[in-house]
Structure formats: C-alpha cells, structure tokens
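Source: prediction; values computed, not measured.
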Amino acid sequence: MSVLVTGGAGYIGSHMVLTLLEQGEDVVVVDNLSTGNEWAVPGQARFYKADIADADALDAIFATHAIDAIIHFAGLIIVSESVEAPLDYYSENTCKSRVLIQRALDAKVESFIFSSSAAVYGAPGLEPVTESAPFAPESPYGTSKLMTEWMLRDVAAVNPGFRYAALRYFNVAGADPKMRAGQSSRQSTHLIKIAAEAATGKRDGLQIFGDDFDTPDGTCVRDYIHVTDLANAHYCALAYLRAGGPSVAANCGYGSGYSVRQVVDAVKAVSGVDFRVTQAPRRAGDAAMIVADSTFAREAFGWMPELDDLETIIRHALEWERRLGNRTGGQPDG
Ligand code: UFG
C-alpha cells in the first residue's frame, strides 16, 4: 500500500515524506509547487505536480497506486494574508479539501490525516488548551481549517470505512536533524524563521510585536514544536488509524510555552549573533498565550516527542538557514 502526501514539497510535508520513507513506506507526493519546491521531494518518493482540486489528476494517481492513507498538508498558512484575502483561504483550504475528500472516498481510502491548526481555538486563555476547548477561530485561516475538520467529521459519520485524524499544530519550527529538509520560504512570518534570518544576516533585525500582554514578560507565549517530532506524531496517528482507531482530533505541541523575548534571546545565544531587535506595536489578532495540552496525542497514538527542546529547535533552524544561503526557494548546500 502507498501513502499519498499532499503538499509533500512544502515545509512540513517534506519532513513527513522523510519520516514515511524511513519507516519503509511507499510514498506518493502531490504538490502544485505554488509554495513548495520539487527538490524538497526525495527521489524515493513518486512525485506528481498537480493541484488537489484537479480531480482527473487525483483519479489517475489513485488508479496507478494502491493508496490506503492520505496525509493532507496542501494549503495556505499565513494568518494575516487570510484576513486580507479570505476567499482565497476558503478556496484553497476548504473547497479544495472537499474535492480531495470526495476522491478519497471514491478510491476507498481508509485513513485520512489532516493538517489542522491551533488557530481553530482562537485565543484560548492562559491555560494549556485541550481538544475539548471551544472553537473560536479569529481568522479566515482558522475557520478554513475548522470547516475542513467538520467536513471530515460529517463524512466519517456516514462512511464507516473512512476514518480521520485532525492534527492541530501549535508553532512548528526547526529543520530535519540530518539537514535534508527545512523551512525554505522567504515569505515566512514565523518567529523562529525570522530570527534565524536575522541571525544569518538575511534581514536587518527583528521586531517584537507587543510587550504589554498579560504574560510574565509582556510578550506572547507560544508552544514551539520541532517539525520532525510533528512528522512523527503523524506517523503515530497513521498507525493508530490503520489499527482501527476511531476518528479523532489531537493537539500537537509539547505543553511548554516560551515568550517571544525568550525565543529571541535563545536565538541570539545559540547563534552568537546580537542582531538588532526593536519593539513594535501588537500585531493584529495575536493571542497572549497559546500552549497545547498534548496528553491526548501521547496517550491515544503513543506519540513520544524526542526533540522537545527549544535550543535544539533553534540550532536546527539556524543550521538550515545557513545552508540555504541567500537563494530564494533555491536548493541548499548539501
Ligand atoms: N512575532 C514577533 N516578531 C516577528 C514574528 C512573530 O514578535 O517578526 C511574534 C508574534 O507576534 C507572536 C509570536 O511571535 O506573538 C509567534 O508568531 P508566529 O507568526 O511565529 O506564529 P503564530 O503564533 O502567530 O501562528 C502560529 C502558526 C499559525 C497558527 C497559529 C495558531 O504559524 O499557522 O500558530 O495559534 F494558526
């Protein structure tokens, strides 16, 4: 059997492909390369350049490969962009997922893992958030992910052969410890990526958005998860679904929070570079604190994080950033 990875040429998807190949899985990647890079797909995986809304292309893939599971990453991920262009997000993240889910049902795919987000919770307050917290997305991005979760819930309810895991990611960062993959986009808005760019001289410093939040040092607190641990969480979820586990939604974070200032200080310490940091007003829509209660993923899937350490995450992000050099979307040095 084969596993189909949508968005497998992107940041998280490319790490997933590496994890699956290491586990001896046969991997098929579909990616439209709107943000991904073909070089990020290892040669052992079968690559198709296609959009997930291209039903004919999907049907051809299902006719060629015996796919029992789909891991669906393809989509747009920039929260602020989703506020400016909501229909793009509903189109790319929700409508296109609907096409993929329909094709998956027609092809009798049994297991579906969906790349969801902590953004479905909005601003959950100061305690670690469990999966039963109320949904309160504060951006079209979060809503587009939640709508897809609900499609999966409703489809699974009437198709007993179809089960899904919606994995709600917290703040994904870092790079493959063996440096085969990493975050390559130059458009990223994510803190650790931006700090790594500042530390490697690709940006003229970094701004801290807001220092008057109700947190210990006034800056926002987030739960940073290493991308390789996140890929492993998916693999554990896949094993769980293949073993007959019922459909679930699960948080993917470590349960420990770091403030923006702590992250910036850690990047300076690990890199040894004292890049320029300026204080800026709050960024629209930022919640004071978002930290996962990830008990469920650990218990239900037997997920055991191995890279649960901010310094390790930063070290890998920095190493990848150095290898990327100044090329935009270019292949890093080996
Ligand atoms: N930040 C800065 N300066 C920067 C970039 C970020 O101060 O240059 C701050 C932000 O204001 C925020 C924190 O760093 O307080 C983290 O910001 P990120 O952009 O790295 O991540 P977010 O927490 O905003 O978003 C992440 C994911 C989203 C997901 C969301 C769910 O990237 O996909 O968590 O909570 F929707």
remark   = Across all chains, not counting sequence neighbours, the side-chain contact (heavy atoms from CB on, under 4.5 Å) partners of Thr64 are Tyr48

query = Taking the side chain as C-beta and beyond, is there a heavy-atom pair between Ser139 and Tyr89 under 4.5 Å?
reply = no

ask   = Under 6.0 Å from the CD atom of Gln279, do we count more than 12 heavy atoms belonging to anything else shown?
value = yes

task = For the residue pair Val99 and Lys96, establish whether any side-chain heavy-atom pair is separated by less than 4.5 Å.
result = no

ask   = With a 6.0 Å cut-off on ring centres, are His234 and Tyr169 close enough?
value = yes

message = Which residue is it: Asp211, Thr215, Val277? I am looking for the one with a side chain to side chain contact (heavy atoms under 4.5 Å, CB included) to Arg261.
response = Asp211

query = With hydrophobic residues grouped by side-chain heavy-atom distances under 4.5 Å, do Ile194 and Ile77 end up in a single group?
reply = no

query = Atom OG of Ser80 and atom CG of Asp286: how far apart are they, to the nearest 0.5 Å?
reply = 9.5 Å

query = Counting distance only, does the side-chain N/O of Thr94 pair as donor-acceptor with the main-chain N or O of Ser144 below 3.5 Å?
reply = yes

query = Please, which pairs that meet side-chain hydrogen bond (donor to acceptor under 3.5 Å, both in side chains) have at least one residue in residues 154-167, sequence neighbours excluded?
reply = none

task = For Glu131, enumerate each residue passing the side-chain hydrogen bond (donor to acceptor under 3.5 Å, both in side chains) test, keeping only those at least two apart in sequence or located in another chain.
result = none

message = Tell me whether Val120 shares a hydrophobic cluster with Ile12, the cluster being built from Ile, Leu, Val, Met, Phe, Trp, Tyr side chains joined at under 4.5 Å.
response = no

key: Closest approach of Val3 to Glu25 (non-hydrogen atoms, all atoms of both residues)   = CG2-OE1, 3.7 Å

request  = Mind checking the CE-CG spacing from Met147 to Leu152? Nearest 0.5 Å is all I need.
outcome  = 12.5 Å

ask   = Between Pro137 and Phe135, which heavy-atom pair has the shortest distance, and what is it?
value = CD-C, 3.7 Å

query = Is Thr19 close to Asn232 at the side-chain level, that is, under 4.5 Å between some pair of heavy atoms?
reply = yes

query = Above 12 or not: heavy atoms from other molecules or residues under 6.0 Å from CD of Gln102?
reply = yes

query = Between Glu321 and Lys193, is the closest basic N to carboxylate O distance under 4.0 Å?
reply = yes

message = Within the 3.5 Å criterion, strictly below it, is a donor on Glu81 or Tyr141 matched to an acceptor on the partner's side chain?
response = no

ask   = Mind checking whether Pro177 and Thr228 have side chains closer than 4.5 Å, heavy atoms only?
value = yes

query = Would you say the side-chain atoms of Asp214 pair up with the backbone N or O of Ala288, donor to acceptor, closer than 3.5 Å?
reply = no

ask   = Is the closest side-chain heavy-atom distance between Met16 and Val29 below 4.5 Å?
value = no

ask   = Can you check whether Ile71 reaches Leu20 side chain to side chain, under 4.5 Å on heavy atoms?
value = yes

Same apolar cluster (I L V M F W Y, side chains within < 4.5 Å links), Val129/Trp303 = no

ask   = Does a sphere of radius 6.0 Å around CE in Met1 hold more than 12 heavy atoms from other residues, nucleotides or ligands, not counting ones at 6.0 Å or beyond?
value = yes

ask   = Any luck finding a side-chain donor-acceptor pair between Glu149 and Ser116 under 3.5 Å?
value = yes

query = Distance from Asp54 atom CG to Leu100 atom CG, nearest 0.5 Å?
reply = 12.0 Å

query = Do the charged groups of Glu319 and Arg315 touch, with an N to O distance under 4.0 Å?
reply = no

remark   = On a heavy-atom basis, the closest approach of Val5 and Gly13 is CG1-O, 4.2 Å

ask   = What distance do Phe296 atom CZ and Ser132 atom OG have between them, rounded to the nearest 0.5 Å?
value = 11.0 Å

key: Partner set under side-chain contact (heavy atoms from CB on, under 4.5 Å) for Ala123, not counting sequence neighbours   = Glu138, Ala287

Nearest atoms (heavy-atom pairs only) where Ser14 meets Gly10 = OG-O, 2.7 Å

query = Mind checking whether Tyr121 and Phe170 have parallel, tilted or perpendicular rings, split at 30° and 60°?
reply = tilted

task = Please check if the side chain of Asp229 supplies one atom and the backbone of Leu307 the other of a donor-acceptor pair under 3.5 Å.
result = yes

task = For Ala74 and Gly7, work out which heavy atoms get closest and say how close.
result = CB-N, 3.7 Å

query = Rounded to the nearest 0.5 Å, how far does OH of Tyr11 lie from OG1 of Thr35?
reply = 13.5 Å

message = Could you tell me if Asp26 and Ser2 have a donor-acceptor pair between their side chains, going purely by distance under 3.5 Å?
response = yes

task = List the steps and the verdict of side-chain contact (heavy atoms from CB on, under 4.5 Å) for Leu18 and Lys178.
result = CA-CA 11 Å; Leu18 291 172; Lys178 296 180 186 154; over 6 Å; no

query = Heavy atoms, side chains only, cut-off 4.5 Å: are Pro140 and Val83 in contact?
reply = yes

message = Test side-chain contact (heavy atoms from CB on, under 4.5 Å) on Asp176 and Trp320; report intermediate values, then the result.
response = CA-CA 8 Å; Asp176 171 45; Trp320 178 257; over 6 Å; no

request  = Report yes or no: does Asp223 contribute a side-chain atom to a donor-acceptor pair with the main-chain N or O of Tyr254 at less than 3.5 Å?
outcome  = yes

ask   = side-chain hydrogen bond (donor to acceptor under 3.5 Å, both in side chains) with Thr6: which residues, sequence neighbours excluded?
value = His72

ask   = Going through the checks in order, is the side-chain contact (heavy atoms from CB on, under 4.5 Å) test met by Leu191 and Tyr258?
value = CA-CA 12 Å; Leu191 179 64; Tyr258 292 94; over 6 Å; no

ask   = Taking only residues two or more places apart in sequence, or in another chain, which ones meet Asp31 in a side-chain hydrogen bond (donor to acceptor under 3.5 Å, both in side chains)?
value = none

task = List the steps, then state whether side-chain contact (heavy atoms from CB on, under 4.5 Å) holds for Phe62 with Ile70.
result = CA-CA 11 Å; Phe62 288 123; Ile70 296 177; 3.8 Å; yes

query = What are the two closest heavy atoms between Ala196 and Leu318, and how far apart are they?
reply = CA-CD2, 4.0 Å

ask   = Where the side chain of Thr200 meets the backbone of Glu197, is there a donor-acceptor pair that is under 3.5 Å apart?
value = yes

message = To the nearest 0.5 Å, what is the distance between CG on Asn37 and OG on Ser185?
response = 9.0 Å

task = Check whether any side-chain heavy atom of Phe47 sits under 4.5 Å from a side-chain heavy atom of Val17, and report yes or no.
result = no

query = Ser259 side chain to Gln262 main-chain N or O, any donor-acceptor pair under 3.5 Å?
reply = yes

